[in-house]
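Here is the structure we will look at, set down as C-alpha cells.
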Protein chains: 2
Amino acid sequence: MPQKSPLDGASRTDVPGPATAELPAAAPGLRERRRRQTRTEISQAALRLFQEYGVDATTVDGIAHAAGISQRTFFRYFTSKEEAALPAHQDFDAALEAGLLTIDPAGNPREELERVYQQVMQGYADNDAPQARSMLLVNQLIRKEPLLKAALLKHNATRTTGLVDALTDRFGRDGVSDLQIRLAFETCAAVVRVAFEVWVTRREAGRDDNLPDIYASARQLAH
Amino acid sequence: MPQKSPLDGASRTDVPGPATAELPAAAPGLRERRRRQTRTEISQAALRLFQEYGVDATTVDGIAHAAGISQRTFFRYFTSKEEAALPAHQDFDAALEAGLLTIDPAGNPREELERVYQQVMQGYADNDAPQARSMLLVNQLIRKEPLLKAALLKHNATRTTGLVDALTDRFGRDGVSDLQIRLAFETCAAVVRVAFEVWVTRREAGRDDNLPDIYASARQLAH
DNA sequence: GCCATTATGGCAGATACTGCCACATTGGCA
DNA sequence: TGCCAATGTGGCAGTATCTGCCATAATGGC
C-alpha cells in the first residue's frame, strides 16, 4: 500500500542536478555503480547454477558463494533466489513503464496499450542482440522450471496492481471504466505472455522468428 | 511431466463397479469420505485464521492445531498453507474440466472456451448460495493478501499447461494452431480473472451484481 | 583527514517443508 | 470372527528459506 505509483515519473523529472541524489536513476554515482554490478553478478551466478543444476537443487548459499558474497547480503539484493533470475524482465518492465508515460489519455486504452507493448517489443527484434539473448535464455529456463514461472507471475501480479491504478488515473474520464482498464491490461499482458512462450518455443526449434512479429500476429489472432 | 492429462476422462469412465477402486471419484467409500472431511476441516481452519490474523502471521502449526491434526499430516493434504485456502477454486476447476469435455472440436476454440466458462459461471449466479459465498470469501482474502494471489496464479499456471495440451489434442486439426489454442485459453482466463475481481469489488461495495452477468459484460468489452 | 552514511557479514531464530520410521486404523478376506 | 495387507497418522531429525540484530568495514562529503 505505501508504495508510490510507478507511473508518476517523479523519479525521472526530479533532481536536475546532483542535489541530494536520493535516486540512482539520475546520478549513477560510484556506490550505485558497484551496487548494480553486484546485482548483475548475483544474477549471472544464479542463472548459471539454475541452468546447470536446476532451481530446486540450487541453494541461496550456493548462489551467494558463487557471487562472492554472504547469504545475508544476497537477501539485501533479492527477496528470493527466483527473483535473482529475472533481471531481463525487470529491464522489460522499466521499458514498459517508460512507454506508458507516452500514452494518450484521450485514446482507446486497449489500442494505446498494444501500441506501447509493440514498441517495447521492438527492443528485442534482433535475436542476436544481448538484450534478446538474455531474455531468451531466462525464458527457456522459465519454461522448464515451474518455480521460476511462479516467481514471474508473482512479480507481474505485484506490478500490475500499481500499473492499473496509474492507468486508471491517466485515463480518468467518463466512458472509461475501471473494468475496461483492467480488462485491457490483463488481456494485453496475456497476449504478450503467449508471444514470449511461442518465441522461445520456435527459437528452440531452430527457427529464427523474432519477437515483435510473433507479438503482432498473436495480437491479430486475439481479435 | 509424468502427470496424466486432466481431460482424458479415464478417471470418470473407468471402473463401472467397485473393482480395485483406485480412484475416489467413482466410489466415495468410507476412507475417502473421512479424507475429504479432514481436508475441508483444514481449509476452514486455514481460512478462519487467515481472515483473523492474516496469512503472514498464520503458521502451519497453527492451522494444524486448529484442525486437530499434526503438522506432518497437514503437508499430506496440502503442499503449502496457501493451497489450503483455495478449495473453492479447486471446485471451480473441477467444474471447468467437466465442461471442457463437452467442447466441440469442430468449433471455434475461443467461442467454445467462452461458452464453457459462461456455463461454469452460472453455478455462482446466486450470491447467497454456499458455493458463491465461499468463492466470494476466498477472493476477498486473495484481494488483500499477495501471498494468496501468488499461490492462485501458481496453481492456475500449473493447471493451464495440462489443459492447453489436452485442448490441443482435442482441437487437433488443420487451421487450429498451438498459438491459437494457447492464446484463446490465456485471454479467456484473463477475462475470467478480471470478472472475479470486479465481482468481489462490487459486492464489497454493497452492490448485488452477480458473477455471470459481470463475466458476460467483461467478455463483451474484451471484443 | 574526520565523520555520518551505508554496505557487509555473522549469528540466532522462526518458519516451511521432507524423509524416515514406528504405530494405529481400516477394510477385505479366509 | 480374526488375520493381514494397505493406508493414515504422528513424531523426529534435518535442510532450506528468510529476517532481525549487531559489530565492523568501506565510502563519500566536508
Side-chain angles (χ1 to χ4, degrees), chain A residues 15 17-24 26-42 45-46 49-50 53-85 145-148 150-151 154, chain B residues 15 17-24 26-42 45-46 49-50 53-85 145-148 150-151 154:
Chain A
V15 195
T20 46
E22 83 170 296
L23 277 173
L30 195 148
R31 227 164 192 160
E32 181 58 24
R33 261 180 292 157
R34 274 198 71 88
R35 187 168 176 80
R36 292 192 187 193
Q37 186 184 346
T38 303
R39 200 178 161 87
T40 60
E41 279 170 8
I42 297 174
L49 294 176
F50 286 167
Y53 305 105
V55 176
D56 278 327
T58 302
T59 65
V60 174
D61 281 316
I63 300 172
H65 182 263
I69 56 167
S70 69
Q71 194 213 51
R72 191 63 189 82
T73 296
F74 173 91
F75 282 112
R76 286 203 182 89
Y77 282 87
F78 297 99
T79 60
S80 70
K81 61 177 180 182
E82 291 87 2
E83 276 274 326
E145 297 278 2
L147 283 177
L148 287 188
K154 182 175 182 176
Chain B
V15 194
T20 47
E22 82 171 294
L23 276 173
L30 195 148
R31 230 163 188 160
E32 181 59 24
R33 261 179 291 157
R34 274 198 71 89
R35 187 167 175 81
R36 293 194 186 191
Q37 186 183 348
T38 304
R39 200 179 160 86
T40 61
E41 279 170 8
I42 296 175
L49 293 176
F50 286 167
Y53 305 105
V55 176
D56 278 327
T58 302
T59 67
V60 174
D61 280 314
I63 300 172
H65 182 263
I69 56 167
S70 69
Q71 194 213 49
R72 191 64 190 83
T73 296
F74 173 90
F75 282 112
R76 287 201 181 89
Y77 282 88
F78 297 99
T79 60
S80 69
K81 62 179 178 181
E82 291 87 2
E83 277 274 324
E145 297 276 1
L147 282 178
L148 287 189
K154 182 176 183 177

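Remember, it's a predicted structure, so these values are computed and weren't measured experimentally.
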Q. Whole Å only: how far is the CG atom of B/Asp61 from the C1' atom of D/dG11?
A. 12 Å
Q: Send over the distance from B/Arg39 CZ to D/dG8 P, rounded to a whole Å.
A: 13 Å
Q. Quick one: on DNA chain C, does B/Gln71 or A/Thr38 contact a more 5' nucleotide (nearest heavy atom)?
A. A/Thr38
(Q) If the cut-off is 4.0 Å, is B/Ser70 near the phosphate of D/dG10, judged by side-chain N/O to OP1 or OP2? (A) yes
Q.
Would you compute the distance between atom CD of B/Glu83 and atom CZ of B/Phe74 and round it to the nearest 0.5 angstrom?
A. 9.0 Å
Q | side chain to side chain donor-acceptor pair (under 3.5 Å) involving B/Thr79 - partner list, sequence neighbours excluded | A | none
(Q) I'd like to know if A/Arg72 reaches the base of D/dG20 with its side chain such that a donor and an acceptor end up less than 3.5 angstrom apart. (A) yes
Q: Sequence neighbours left out, what passes side chain to side chain donor-acceptor pair (under 3.5 Å) with B/Ser80? Give chain and number order.
A: B/Glu82
Q.
Reading DNA chain C from 5' to 3', where do the contacts with chain B start and stop? Cut-off is 4.0 Å to heavy atoms.
A. C/dT15 to C/dG27
**Q.** Reading 5' to 3' through nucleotides 22-30 of chain D, protein heavy-atom contacts under 4.0 Å coded B for base, S for sugar-phosphate only, - for none
**A.** ----BBS--
(Q) Can you list, in residue-number order, the parts of residues 53-60 of chain B that come under 4.0 Å of DNA chain C, counting heavy atoms only? (A) B/Thr58, B/Thr59, B/Val60
**Q.** Atom-to-atom span, CZ of A/Phe75 to P of D/dT17 - whole angstrom
**A.** 6 Å
Q. With A/Arg39, which residues qualify under side chain to side chain donor-acceptor pair (under 3.5 Å), at least two apart?
A. A/Gln90
Q: Output all residues satisfying side chain to side chain donor-acceptor pair (under 3.5 Å) with B/Arg34, sequence neighbours left out; order by chain, then residue number.
A: none
Review item, side-chain donor-acceptor pairs of residues 55-71 of chain B, under 3.5 Å, at least two apart:
residue, atom, partner, partner atom, Å
B/Thr58, OG1, B/Leu49, O, 3.4
B/Thr58, OG1, B/Gly54, O, 2.7
B/Thr59, OG1, B/Gly62, N, 3.0
B/Ser70, OG, B/Thr73, N, 3.2
B/Ser70, OG, B/Thr73, OG1, 3.2

